[in-house]
Amino acid sequence: MSQTDAEAVTTTANRTDGEAVSTTAGETVEETRPEWTSYEAGGETKLAVENLDVHYGDDHALTDVSMDIPEQSVTALIGPSGCGKSTFLRCLNRMNDRIRAANVDGTVELDGEDVYQDGVDLVELRKRVGMVFQSPNPFPKSIRENVSYGPRKHGDIDTGLLARLTGRAEPGREEALVERSLERAALWEEVRDRLDDNALGLSGGQQQRLCIARCLAVDPEVILMDEPASALDPIATSKIEDLIEDLAQDYTVVVVTHSMQQAARVSDQTAVFLTGGELVEYDDTEKIFENPESQRVEDYISGKFG
Amino acid sequence: MSRATQNALVRDDRTAYETVTGTAVGLSGAAFAVGLTALLDVVAIDYSVAGLELSVAFGAVLLALGVSVVGFGMASRLGYVDAAPQPSAGIVAAVAFTGIWFAVGAVVSGAAGLGTGGRLGVGTVLGGIAFATTALPREDVGSTAPAGALAGLCGLSLVSGVVGPGWEQVLVGYNATLFGDTVVPVLVLFASLVTGWSAAKAYGGFGARGRNVGAYVLIYLVVCSILAVLVGLVAFVTVKGLPGLFNGFGVGGAGLVRWPFLTNGAGLLADIAGVFPALVGTVWLVIGAVLFAVPTGVGAAVFLSEYAEQGRFTGAVEVATNGLWSTPSIVFGLFGAAFLIPRFGNQKSLIAGMLTLGFMLLPLVLITSREAILAVPDEYRDASAALGVSKWQTIRSVVLPAAIPGITTGVILGVGRIAGETAPILLTMGGGVLPGKSAAPDVLGSFQLSASPPFVSNPALLEATSALPYQLYALITAGLSGNIQNPQEYAWGLALTLLLVVLAFYAVGIATRYYFRKKLHQ
Ligand SMILES: Nc1ncnc2c1ncn2[C@@H]1O[C@H](COP(=O)(O)OP(=O)(O)OP(=O)(O)O)[C@@H](O)[C@H]1O
Ligand SMILES: [Mg+2]
């Protein structure tokens, strides 16, 4: 509860700041044109978002967002703090349902099926749309258990007593999965000798990569990443960026980042959100960074705003 | 005061002042410790040390401490030492000394035969002087002079023998008499606490650092005394109980050890009366209550915190459980007698006792489990949900493991309470007061299978049984002693056994908690 209150307070603060900036600059706020966001990527659409509005209580966090996210590509979301990127991401796997104050309107289609219609199995949805949170949240379990948690609970790996007694357990499979996932998240070398140590003993950056590994182990179709490299050094960051590009071969990746360079390096298309929860521009990454249509986006990218 | 010493980060040169004040702190601590042992009757106050009665020695030490504490303050005030006193000792110290000196004035003048008005007058005057001396002068005088005077006064009264081993005072209106062997240690404890605090402040050079050291010494001494009282309590029971517990104890014989107190009943056939049936009864009682209360309590807590909509309903349940936990045990006993006994063969039985105590334990398990579950960070639940894991699996594999240490703490506390309950047992399960060995319930060996429902039965659960606190109650209050040769010794041995049983359950609980904590945070 108190956390929500605290966030609500920041909201107002952010809003006021934003307005103060635009009024002191003496500009009239530019209108967002629909054609700036009506980008059509090549390839199949994996996620189609239509007229998405999100309220937290009386706060309007996302305003009428529509965008199509193509399959097997990397989509970057950028924008100033508090503009609703995480909120947007949480709409895609319905994690917003878990926030009592959140109220979502609009549709999100995964492979043409609305995930907000009645009767959607949230457990299935989240198996297909995985998520790496903004702040690392490993379980207070061993590193190995963290990685194999998802597959175990889904019954893909059975290491229970019964399985061991009846000879159905495949310990080798678990080992392989743990190794592969940690390897991809660029963590294997650092933890290979301490897989049975508690994950809470890892550094912040290591925890972040562990959470990525944990998500990969479930093998989702869509991977949502909320600032996956915020606590990482340049070497680990570049490994994660390689991973993201690599993942795009098979998966659909949506990544929130505060680093323009990162967005420019890894993503195929970029969506820019600005204060007020508005999607201002969505286009090819190159286009956004070289020649954005919106003046505000240009200001934001060149560091004049936000 | 030189700036250089003030601002030095590393203070390696111990000044003579620090050595002397430090010694005074140490001496106060020592006086406090010996005072504690005297209060707990470990040493007698008329015990003679180097030709002096202990109480006179105490007096001399306090007198010396009082004088030196005043000296510390003066040395600082007159500028002989480096110190950083603040302008005043502060309102809290002033009010405390006012209260103390008011009491001193009233008591002393009362002892000198003054009437109520005179006593109030003397108390007020002394309190006023104490307030002025504490609050008005600089801190180094304000926090030493009243303290030193107090210790000096206590010391004088002990040295002069005004208060001493033979001293006694009838408290009119309280129907009680104060004796020297209580009052002397209390005076010593009190005065040494005050001088310890004051000397510690001087040691720290007054000011912020002095207050810090002073508070540390004060808290340290008080905590030590609380611990000493606890240890003293356990030691008291242990010392009194050991002879009974080890009556007839020996190595060899049929078993590897002979321990009649634990293996015999109290019946006519036993050569040395023992507590075996009651011991077994208590152990089964606790096991039964825990087996009943933990699954139900944890289950209800899971429902209330994970599934139920937080609102009026959960609020009402919370109030109700808190109320139940504070309900007197005799009420639970009556419930058991009126509700459970008619359902279990219309007689007092082990299972009725188990369930009654289980009902008593239930609210605490529920409350603590609920707190523990709510304290599990939501991030874990979110992380699990985002991996496509169902709610129940999340609760089972993430929430409950993280909550187990908290739940265990609740169970430990509850077991301590129910293991010592007497009233509910009296009403629901207590059979013969001093049962023979054959009356011990043989729960494991009494399971019987049958061909018709309910297919399993266990007569041992349906029989009246004894329990340790119940037997103790019967021995002491009802004055029954049967064929026990030495009821006093037997009773203390029984009390010690009960203490050990509770401690054993604690040990199991603490080991469980330690295991799971380690697993969570290694
Ligand atoms: N649980 C919540 N309850 C209430 N308001 C919320 C909650 N979460 C977010 N908000 C509000 O919604 C708005 C968008 O928040 P969001 O977390 O989506 O921003 P963001 O773009 O991810 O910012 P950042 O870059 O700092 O992570 C903010 O104004 C925030 O205060
Ligand atoms: Mg965010």
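In what follows, every chain begins at residue 1, and chains take the letters A, B, ... in the order their sequences are listed. Computed from heavy atoms alone, side chains included, the values below leave out hydrogens, waters and symmetry copies. Please read these numbers as outputs of a predicted model, since none were measured by experiment.
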Undergrad: To the nearest 0.5 Å, what is the distance between CG on B:L366 and OG1 on B:T321?
TA: 5.0 Å

Undergrad: On the 0 to 90° scale, with breaks at 30° and 60°, tag the A:Y149-A:F139 ring pair as parallel, tilted or perpendicular.
TA: tilted

Undergrad: If contact means a heavy atom pair closer than 4.5 Å, which residues of residues 114-134 of chain A contact chain B?
TA: A:V123, A:R126, A:K127, A:V129, A:G130, A:M131, A:F133

Undergrad: Quick one: do A:E175 and A:R144 make a salt bridge, cutoff under 4.0 Å?
TA: yes

Undergrad: Using atom types as modelled and distance alone, determine if a side-chain donor or acceptor of B:S397 lies under 3.5 Å from a backbone N or O of B:T394.
TA: no

Undergrad: Can you tell which part of A:P138 gets under 4.5 Å to a heavy atom of chain B, answering side chain, backbone, both or neither?
TA: backbone

Undergrad: Please report the C-alpha distance between A:M225 and A:L247 in whole Å, then the side-chain angles of each, then the deciding distance to 0.1 Å, and finally whether the side chain to side chain contact (heavy atoms under 4.5 Å, CB included) criterion is met.
TA: CA-CA 12 Å; A:M225 294 183 166; A:L247 288 174; 4.1 Å; yes

Undergrad: Out of B:S390, B:A402, B:A383, B:P377, which one racks up the most heavy-atom pairs below 4.5 Å with chain A?
TA: B:A383

Undergrad: Parallel, tilted or perpendicular: which describes the rings of A:F88 and A:F273, with under 30° parallel and over 60° perpendicular?
TA: tilted

Undergrad: Check the pair A:E227 / A:K85 against salt bridge (Lys or Arg N to Asp or Glu O under 4.0 Å), numbers first and verdict last.
TA: CA-CA 10 Å; A:E227 295 187 49; A:K85 305 179 295 293; 5.5 Å; no

